[in-house]
Amino acid sequence: APEVTAEQAVAAIEGVFGVTPGERRNHTKGTCATGEFVGRPAAAAYSRSALFSGAPVPVVARFSLAGGNPKAPDTAKSPRGMALEFKLGDGQLQHMTMLNTPVFGAAQPQTFVDLMLAMKPDPATGKPDPEKLKAFKASHPDHLAHAKFLEENNPPTSYANSSYFGIHTFKFSDSNNRTTLVRWRFVPQDGERRLSAEELASLPADFLEQRLIERTRQGPVRWDMVLSIGEPGDPEDNPTLAWPENRQQVTVGTLTLSAAMPQKGAACEPINFDPLVMSDGIAASDDPVLHFRSQAYAASFARRLSER
Ligand code: HEM
């Protein structure tokens with residue numbers, strides 16, 4: 001079969017959620033934040049990136065709910081996102097565009113597009129056809145680990161009480177050009193907290209933005225950036241497969257967010273958080289989903305810009 005294109009992927013997302021003119025086609029509902037990142041010397045053993053110099057690096061962040069519904073309820077059992085743009089001193093940028101799930105729900109772009117086609121509302125009922133969703137799950141085993149995680153783990157009580165995972169494998173290169181395969185995640189110093197069943201049923205549609213704004217008013221909110229160090233045989237190009245938990249863990253820096261605000265007119269709004277924007281010392285693996293994302297985000301970005 002011919003490979004699916006980025007335009008087809010964005011059109012399929014629009015088929016499920018419709019279009020909010022001028023807005024992101026996916027992760028439409030979101031909140032901006034600002035702060036800085038400080039790397040630790042331990043990182044130099046893996047990457048020469050200026051990100052880890054130890055000097056404070058300004059960060060623009062965006063938190064979001066997956067999907068193209070601008071009014072998605074904050075109780076939805078869907079992924080939450082954290083996107084970071086690091087402004088390195090020498091004009092370089094580094095992006096990290098993460099989810100609160102340790103794995104993704106598609107080993108190939110086609111699986112993502114097939115999910116959108118299966119989720120498309122039936123014109124008769126206004127809801128997805130349960131038979132199509134069943135058929136999708138039966139024919140796409142690469143989707144199941146992600147779906148199971150979302151089913152078994154309620155959403156976070158606050159954006160500040162969640163871990164966020166880079167999910168894909170990346171290649172870190174040190175100053176001698178020695179390469180290490182890594183996966184990264186951001187672990188909240190406030191601790192992980194999930195909604196109880198009762199909160200899931202009773203909370204209003206909007207609380208994540210207000211809680212983050214209030215949390216940052218009380219003082220800076222921090223996450224540690226932790227690497228898992230890959231070993232031979234670990235999956236390098238499949239974001240649906242977790243690495244063994246006993247891989248070496250290295251804390252390479254701390255993210256500090258000091259302010260949060262609605263996205264309208266704020267610094268994160270116009271950014272295309274393309275995950276392939278990387279600094280010297282950090283490079284992509286061959287993961288086909290990682291490479292496809294860059295094209296899909298560009299297509300979504302072009303659409304939302306043209307409507308402004
Ligand atoms: C085939 C796979 C995927 C497709 C087609 C896709 C598509 C998209 C699109 C179209 C956007 C909106 C871009 C914009 O207008 O700026 C988006 C946003 C986002 N995606 Fe993906 N995505 C995929 C996989 C992933 C994965 C694996 C992750 C995390 C590891 C992820 C995390 C995010 C986040 C956090 C945002 C919001 C970024 C922001 O705040 O601007 N996505 N995605």
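Note that the structure is a prediction, hence the values are computed from the model and not measured.
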**Message:** Using side-chain contact (heavy atoms from CB on, under 4.5 Å), reason through T101 and L150 one step at a time and then give a plain yes or no.
**Reply:** CA-CA 8 Å; T101 62; L150 289 172; 3.7 Å; yes

**Prompt:** Can L195 and T75 be said to form a side-chain contact (heavy atoms from CB on, under 4.5 Å), step by step?
**Reply:** CA-CA 8 Å; L195 297 172; T75 49; 4.2 Å; yes

**Asked** Could you walk me through whether L84 and Q94 pass the side-chain contact (heavy atoms from CB on, under 4.5 Å) check?
**Response** CA-CA 8 Å; L84 304 175; Q94 170 72 47; over 6 Å; no

**Request:** Take K264 and E23 through the test salt bridge (Lys or Arg N to Asp or Glu O under 4.0 Å) and record every step on the way to the result.
**Result:** CA-CA 10 Å; K264 207 96 249 79; E23 303 294 337; 3.0 Å; yes

**Request:** Determine, stepwise, if the pair R222 / E36 fulfils salt bridge (Lys or Arg N to Asp or Glu O under 4.0 Å).
**Result:** CA-CA 10 Å; R222 296 191 170 89; E36 64 180 34; over 6 Å; no

**Prompt:** Does the side-chain contact (heavy atoms from CB on, under 4.5 Å) test come out yes or no for V250 and V226, once each step is laid out?
**Reply:** CA-CA 5 Å; V250 185; V226 181; over 6 Å; no

**Message:** Walk me through whether F86 and F37 qualify under ring-ring contact (aromatic ring centres under 6.0 Å, His included).
**Reply:** CA-CA 8 Å; F86 304 87; F37 178 85; 5.4 Å; yes

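In this structure, the separation between CD1 on I213 and CG on L208 is 11.0 Å, given to the nearest 0.5 Å. If you take NZ on K132 and CG on D114, they are separated by 12.0 Å, rounding to the nearest 0.5 Å. Interatomic distance, Q248 CD to I229 CD1, rounded to the nearest 0.5 Å: 5.5 Å. The OG atom of S163 sits 10.5 Å away from atom CE of M98, with the distance rounded to the nearest 0.5 Å. Rounding to the nearest 0.5 Å places CG of L203 at 5.5 Å from CD of E199. The OG1 atom of T111 sits 3.5 Å away from atom CG of D142, with the distance rounded to the nearest 0.5 Å.
The shortest heavy-atom contact between K29 and D74 is NZ-OD1, 2.8 Å. Pairing each heavy atom of G126 with each of P121, the nearest pair is O-CB, 3.7 Å. S162 and N100 get closest at one heavy-atom pair: OG-CB, 3.3 Å. Looking at every heavy atom in both residues, L88 comes nearest to S49 through CD1-OG, 4.3 Å. When all heavy atoms of I13 and R25 are compared, the pair lying nearest together is CG2-O, 3.1 Å. Across every non-hydrogen atom of R24 and C268, the tightest pair is NH2-O, 3.1 Å.
At distances below 3.5 Å, at least one donor-acceptor pair connects side-chain atoms of E269 with backbone N or O atoms of G265. Remark: the backbone N or O of G281 is paired with a side-chain donor or acceptor of S47 at under 3.5 angstrom. A donor-acceptor contact shorter than 3.5 Å is absent between the side chain of H168 and the backbone of P239. Not a single donor-acceptor pair under 3.5 Å links the side chain of W223 to the backbone N or O of L257. Looking only at distances, no side-chain donor or acceptor of D129 sits under 3.5 Å from a matching main-chain atom of A118. Distance alone, capped at 3.5 Å, is enough to place a donor-acceptor pair between the R293 side chain and the T97 backbone. With H27 contributing its side chain and S64 its backbone, the two residues share no donor-acceptor pair below 3.5 Å. Side-chain atoms of N26 come within 3.5 Å of backbone N or O of G67 as a donor-acceptor pair. Side chain of R211 to main chain of T157: a donor-acceptor pair is present (N/O by atom type, distance under 3.5 Å, no hydrogens or angles). For E85 (side chain) and V59 (main-chain N/O), no donor-acceptor pair under 3.5 Å exists by modelled atom type.
A salt bridge does not link R247 to E245: none of the charged nitrogens lies less than 4.0 Å from a carboxylate oxygen. Using a 4.0 Å cut-off between charged side-chain N and carboxylate O, R303 and E14 make a salt bridge.
For the residue pair R48/N176, the side-chain donor-acceptor check at 3.5 Å is not satisfied. Side chain to side chain, D206 and Q210 fail the donor-acceptor criterion of an N or O pair below 3.5 Å. Using a 3.5 Å distance cut-off with no hydrogens or angles, the side chains of D287 and S285 do not pair a donor with an acceptor. Inspection of the R183 and S228 side chains reveals no N or O donor paired with an N or O acceptor under 3.5 Å. Side-chain atoms of S78 and R80 form a donor-acceptor pair, as typed in the model, at a separation below 3.5 Å. A donor-acceptor contact closer than 3.5 angstrom is absent between the side chains of T20 and T28. Judged purely by distance below 3.5 Å, without hydrogens or angles, the side chains of D224 and T251 never pair a donor atom with an acceptor atom.
At a threshold of 4.5 Å between non-hydrogen side-chain atoms, the residues P288 and Q108 count as touching. Between Y159 and T31 the shortest side-chain heavy-atom distance falls below 4.5 Å. Between L133 and K137 there is no side-chain heavy-atom pair separated by less than 4.5 Å. Between L212 and F63 there is a side-chain heavy-atom pair separated by less than 4.5 Å. Looking at P235 and T169, their side chains never come closer than 4.5 Å, going by heavy atoms from C-beta outward. Looking at F292 and Y297, their side chains never come closer than 4.5 Å, going by heavy atoms from C-beta outward. Proximity of M96 to M225: side-chain heavy atoms (C-beta onward) are separated by under 4.5 Å at one or more points. For the pair D174/Y46, no side-chain contact is recorded, criterion being any heavy-atom separation below 4.5 Å from C-beta on.
There is no path of hydrophobic side-chain contacts, each under 4.5 Å, that joins F165 to F186. Under the 4.5 Å side-chain heavy-atom criterion for grouping Ile, Leu, Val, Met, Phe, Trp and Tyr, Y164 is not connected to I271 through any hydrophobic cluster. In this structure, V289 is a member of the same hydrophobic cluster as M116, with clusters built from ILVMFWY side-chain heavy atoms closer than 4.5 Å. Hydrophobic clustering (side-chain heavy atoms under 4.5 Å, transitive across Ile, Leu, Val, Met, Phe, Trp, Tyr) keeps L115 apart from V103. Under the 4.5 Å side-chain heavy-atom criterion for Ile, Leu, Val, Met, Phe, Trp and Tyr, V187 and L227 are members of distinct hydrophobic clusters.
Aromatic ring pairs are classed by plane angle as parallel below 30°, tilted from 30° to 60° and perpendicular above 60°; the pair F136 and H140 is parallel. Between F170 and W184, the angle of the ring planes stays under 30°, which puts this pair in the parallel group of the 30/60° scheme.
For E152, the salt bridge (Lys or Arg N to Asp or Glu O under 4.0 Å) partners are K148, not counting sequence neighbours. Partners of K71 by salt bridge (Lys or Arg N to Asp or Glu O under 4.0 Å), not counting sequence neighbours: none found.
Within 6.0 Å of NZ in K134 there are 12 or fewer heavy atoms belonging to other residues, nucleotides or ligands. More than 12 heavy atoms of other residues, nucleotides or ligands lie within 6.0 Å of CD in Q218, so this atom counts as buried by the packing criterion.
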